[in-house]
Protein chains: 2
Amino acid sequence: MRYLVNDKLRGSDAVSKSGYHHGDLRRTIVAAAVAAIGESGLDGWSLRELARRAGVSHAAPAHHFGDKTGVLTAIAAEGFTLLAEALEAAEADFLAAGLSYVDFAVKHPVHFAVMFQPGIYRADDEAVQQAETRAGDVLRLGAKAMAAGSKAAPEHATLAAWSIAHGFASLWLSGALRVPPGTEAVDAARPVLHMLVE
Amino acid sequence: MRYLVNDKLRGSDAVSKSGYHHGDLRRTIVAAAVAAIGESGLDGWSLRELARRAGVSHAAPAHHFGDKTGVLTAIAAEGFTLLAEALEAAEADFLAAGLSYVDFAVKHPVHFAVMFQPGIYRADDEAVQQAETRAGDVLRLGAKAMAAGSKAAPEHATLAAWSIAHGFASLWLSGALRVPPGTEAVDAARPVLHMLVE
DNA sequence: TCCCAATCTAGTCGTTGTCAAGTTCGGTTT
DNA sequence: AAACCGAACTTGACAACGACTAGATTGGGA
């Protein structure tokens, strides 16, 4: 297996020979897209810019992703997988799961923003659907634990739990909350989530 | 010169008779932008398309808004004003305010999406700031009513109320919720919000 | 009546997404 | 070992876009 980082080999004659195939373009592009979106917002990036960063031609990304939407679809799929993993680690405890949800959103704000932005990616994509239902299953499982201690309907409890965690995370990321500087999102979320479970 | 005027504006408002001066371009552009975003998503529109719809030259919108961000800023300001009005009608009742919040998001999904998307508009715009604090004040007032009946800290109650309403609205709009078809958002939200106040 | 500032047009530049067609390479078959 | 196949990537082209500039037009106030 040949790993070729273009910038490092620049200047050698081997570039023209081995530089044709990047080797790991797909992952490189996704990572670059996440970074670019993090810096400049959801539409502050271009396929050509990603290509430039990766040191490939301007049309190379389209080969792997079809179009711009394809890159966002890949990010969404990655996001739902990461979320599922985070929630699975918290097991069937609402407070822990809720904090994990917030923690995921804060640590992967770009993924989070893409995932819940309807229409900007292909929600019917196979990889997305798979990761999405996986995350959804863990979510429902976690909220069921909370509903057990309550006399409310489980589906209402699930929705309430999901809503409050999702809402807090969204508001936090949007910058709408005015909290003391230096506050960690998870610490700020704890008492808020606690209001739901009593 | 072309003489093209929107039918909507033709009847009621006073519109200039000349083809050169549109007469109400600013409002027309904002409305067209909201419609276009509703159809094709947050970046599925262009200034030139809005200009074409309004029957003016491709650079006319830039005169009123400076750039594309200016249009989004106007939408955000309008959104916060609409939200403030909706919340003010609900007065100091948490459940009613929460339902109004959800109702606003469902009825004005484009405004809602823009408002809480950090970075895509000028959050430091004067009109935005003004409308934003106005909406925020009503919100804090409504949540204070809920906190009165509880023994929790008022700021936690405010955050929890805001989070659960905002989270439900966001999830609903993102299409992530799987509810029976034909369900109204407000009806689905009622039992969920009820879980916070007991 | 005249004049000026707001409004809108016209033209241009650099950039973008996407498409079609060509090139190169690793791996597999023959 | 030689031919070759398909995937990975390049090259070139095109229409559309945002942004900018300079100029044309208009209506309201002096």
Side-chain angles (χ1 to χ4, degrees), chain A residues 1-7 9-10 12-30 32-33 36-37 40-75 119-122, chain B residues 1-6 9 13-30 32-33 36-37 40-74 119-122:
Chain A
M1 184 67 68
R2 179 195 307 273
Y3 286 104
L4 180 65
V5 182
N6 289 342
D7 289 341
L9 294 186
R10 194 56 52 80
S12 125
D13 285 6
V15 170
S16 65
K17 182 182 167 188
S18 330
Y20 206 100
H21 284 358
H22 180 283
D24 200 15
L25 227 203
R26 193 182 167 88
R27 287 206 321 151
T28 303
I29 292 294
V30 171
I37 293 176
S40 319
L42 265 178
D43 55 346
W45 59 285
S46 69
L47 287 179
R48 294 171 108 104
E49 181 200 346
L50 302 186
R52 247 175 273 131
R53 287 202 197 188
V56 294
S57 81
H58 65 88
H63 172 73
H64 289 277
F65 300 98
D67 56 5
K68 219 177 162 182
T69 303
V71 179
L72 294 171
T73 303
I75 294 178
I120 69 169
Y121 65 94
R122 282 183 274 275
Chain B
M1 271 315 120
R2 289 293 294 271
Y3 178 61
L4 266 175
V5 179
N6 255 1
L9 301 170
D13 286 349
V15 171
S16 158
K17 280 196 279 184
S18 117
Y20 202 99
H21 283 358
H22 180 283
D24 201 12
L25 227 203
R26 192 181 168 90
R27 286 207 319 150
T28 302
I29 291 293
V30 171
I37 293 176
S40 318
L42 266 177
D43 54 347
W45 58 286
S46 68
L47 287 178
R48 293 169 109 105
E49 181 200 345
L50 302 186
R52 244 175 276 131
R53 288 203 197 188
V56 295
S57 80
H58 65 91
H63 171 73
H64 291 277
F65 300 98
D67 56 8
K68 217 177 165 183
T69 302
V71 179
L72 294 171
T73 303
I120 68 169
Y121 65 94
R122 283 183 272 275

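All figures in this text were calculated on a predicted structure; none of them were measured in a lab. Chain naming here is simple, since letters A, B, ... match the order of the sequence lines and numbering starts at 1 in each.
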For the pair made of NE2 in B:H58 and C1' in D:dT21, what is the distance, rounded to whole Å? 11 Å

Students often get this wrong, so: under 4.0 angstrom with heavy atoms, is A:A59 touching a base, only sugar-phosphate, or nothing? base

Using 0.5 Å steps for rounding, measure from the CD1 atom of A:I37 to the CG atom of A:D43. 9.0 Å

Quick one: pull up CD1 in A:I75 and CZ in A:F65 and give me the separation to the nearest 0.5 Å. 8.5 Å

Result for 5'-nearest mapping on DNA chain D, choosing between A:L25 and B:L47, is A:L25

Euclidean distance, A:R27 CZ relative to A:D24 CG, rounded to 0.5 Å: 4.5 Å

Are OP1 or OP2 of D:dC9 and a side-chain N or O of A:H64 less than 4.0 angstrom apart? yes

Rounded distance in Å - CZ (B:R48) to C1' (C:dG11): 10 Å

What is the separation between atom CH2 on A:W45 and atom P on D:dC17, rounded to the nearest whole Å? 18 Å

Spacing of B:R48 atom CZ and B:S57 atom OG [to the nearest 0.5 Å]: 9.5 Å

Can you tell me how far P of C:dT7 sits from CG of B:D24, to the nearest Å? 11 Å

Hits for side chain to side chain contact (heavy atoms under 4.5 Å, CB included) against A:T69, two or more places apart or cross-chain, chain-then-number order -> A:D67, A:T73, A:R122

Checking D:dC9, D:dG12, C:dA6 against the side chain of B:H63 (C-beta onward), the nearest is C:dA6

Out of C:dG11, D:dG12, C:dT16, whichever nucleotide has its closest atom nearest the side chain of A:S46: C:dT16

Tell me whether A:K68 contacts the main-chain N or O of A:A62 through its side chain, where contact means a donor paired with an acceptor under 3.5 Å. no

Expressed as a whole number of angstroms, how long is the span from B:D43:CG to C:dT15:P? 20 Å

Atom-pair distance (CZ on A:R53; C1' on C:dT16), nearest Å: 16 Å

Length of the NZ-P vector between A:K68 and C:dC19, whole Å: 15 Å

Under 4.0 Å between a side-chain N or O of B:R52 and OP1 or OP2 of D:dC17? yes

Between C1' of C:dT18 and CZ of A:F65, the distance in whole Å: 16 Å

Options D:dA8, D:dT11, D:dG18, nucleotide nearest the side-chain atoms of A:S57: D:dT11

Helical bend (five base pairs per end, nearest 10°) for the helix from C:dT1-D:dA30 to C:dT30-D:dA1: 10°

Output yes when a side-chain donor or acceptor of A:R26 lies under 3.5 Å from a complementary backbone atom of A:H64, and no otherwise. yes

